[in-house]
Q: 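Can you keep this structure in mind? I'll have questions shortly.
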Amino acid sequence: MSSFTISLIIAIIAAVAGGIVTSLSGLILDILVGRKVAFGKHRNLAGEWRTIWNYTINGKKKQYKDTIRLKQFGVRLRGKARDGRHDYVFKGRLLPNGVLQGTYEDVQKHTNWYGSVELVIADDGLKMDGKWIGRYGEEIICGDWVWTKI
C-alpha cells in the first residue's frame, strides 16, 4: 500500500470522526510514512524538565518556575506541569529545523491562561530556549521560556 493511499484513508477517517482522530491520524502518518526528524540525538525529549518563564506584567518583571513531564510520540509531545498555582497541559511538535513548537493551556477551565511557544533545542538536547505569548486573564503577555532537562 502506498503512502498516498494510507494518507487518503487516514484523511477520510479523520473527516468522519473529528478532532481526536485528526490528532491520531497525524501521529499514524508520522509513523507509517516513515517521516524522520533531522535532530539526531534530539529525537527523545521525553522526561522531566525544569522551566523558567520570564515576563513583564503591569510594568513589573516577573519570573515563574515549574517542572513539566513530557511524553513523546514520534514528533509529537504532550506534557503536564503541576505546581498547584498554574497546572497546565503542553502539546507540541518537533520541527525539522531543531525547534519545538507548541501550545499550553491551564487545566482549570475557569482561568483564562493559555498560549503558544517556540523553543530552540540546544545541540546536546538538554536545554531548550525560546519565546512564549499568551493570555493571562484579560492581558496578552509574552516572554522568554527556558527549559532544562532534569
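A quick note: this is a predicted structure, and the numbers were derived from the prediction, not measured. Heavy atoms only: backbone and side chains are in, while hydrogens, waters and symmetry mates are out.
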Q: Could you grab the distance from atom CD of Gln72 to atom CG of Leu100, nearest 0.5 Å is fine?
A: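 Going from CD on Gln72 over to CG on Leu100, the span is 9.0 Å.
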Q: Quick one: are Val89 and Lys91 in side-chain contact, heavy atoms under 4.5 Å?
A: yes
Q: Show me the donor-acceptor pairs within less than 3.5 Å that the side chains of residues 138-150 make with the rest of the protein, sequence neighbours left out.
A:
unit_1, atom_1, unit_2, atom_2, d
Asp144, OD1, Lys131, NZ, 2.5
Trp145, NE1, Thr51, OG1, 3.3
Lys149, NZ, Ala46, O, 2.9

Q: Can you tell me how far CG of Asp66 sits from CD1 of Ile52, rounded to the nearest 0.5 angstrom?
A: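 Answer for the CD1-CG pair, Ile52 versus Asp66, is 9.5 Å.
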Q: Considering non-hydrogen atoms only, spot the tightest contact between Leu94 and Gly74 and give its length.
A: CD1-O, 4.4 Å
Q: Can you list everything that forms a side chain to side chain donor-acceptor pair (under 3.5 Å) with Arg78? Sequence neighbours excluded, please.
A: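 Checked Arg78 against side chain to side chain donor-acceptor pair (under 3.5 Å); zero matches.
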Q: Decide yes or no for Tyr136 and Ile57: does some side-chain heavy atom of the first lie under 4.5 Å from some side-chain heavy atom of the second?
A: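 Contact flag for Tyr136/Ile57 side chains = yes.
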Q: Taking the side chain as C-beta and beyond, is there a heavy-atom pair between Lys62 and Thr56 under 4.5 Å?
A: no
Q: Answer with yes or no after comparing the ring centroid distance for Tyr114 and Trp132 against a 6.0 Å cut-off, counting only values under it.
A: no
Q: Quick one: are Phe90 and Ile68 in side-chain contact, heavy atoms under 4.5 Å?
A: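 Yes, their side chains come closer than 4.5 Å.
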Q: Taking the side chain as every heavy atom from C-beta outward, state whether Val75 and Leu95 have any pair of such atoms under 4.5 Å apart.
A: no
Q: Hey, is the main chain of Lys65 close enough, under 3.5 Å, to the side chain of Gln63 for a donor-acceptor pair?
A: no
Q: Any idea which heavy atoms bring Asp124 and Leu126 closest together, and the distance?
A: OD1-N, 2.9 Å
Q: Can you name the closest pair of heavy atoms from Leu45 and Leu70 and give their distance?
A: O-CD1, 3.7 Å
Q: Taking side chain to side chain donor-acceptor pair (under 3.5 Å) as the definition, give me every residue that meets it alongside Tyr64, ordered by chain and number, with sequence neighbours left out.
A: Asp83
Q: Any non-hydrogen side-chain atom of Leu119 less than 4.5 Å from a side-chain atom of Val99?
A: no
Q: For the pair Glu48 (side chain) and Arg69 (backbone), establish whether a donor and an acceptor sit closer than 3.5 Å, ignoring hydrogens and angles.
A: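 Absent.
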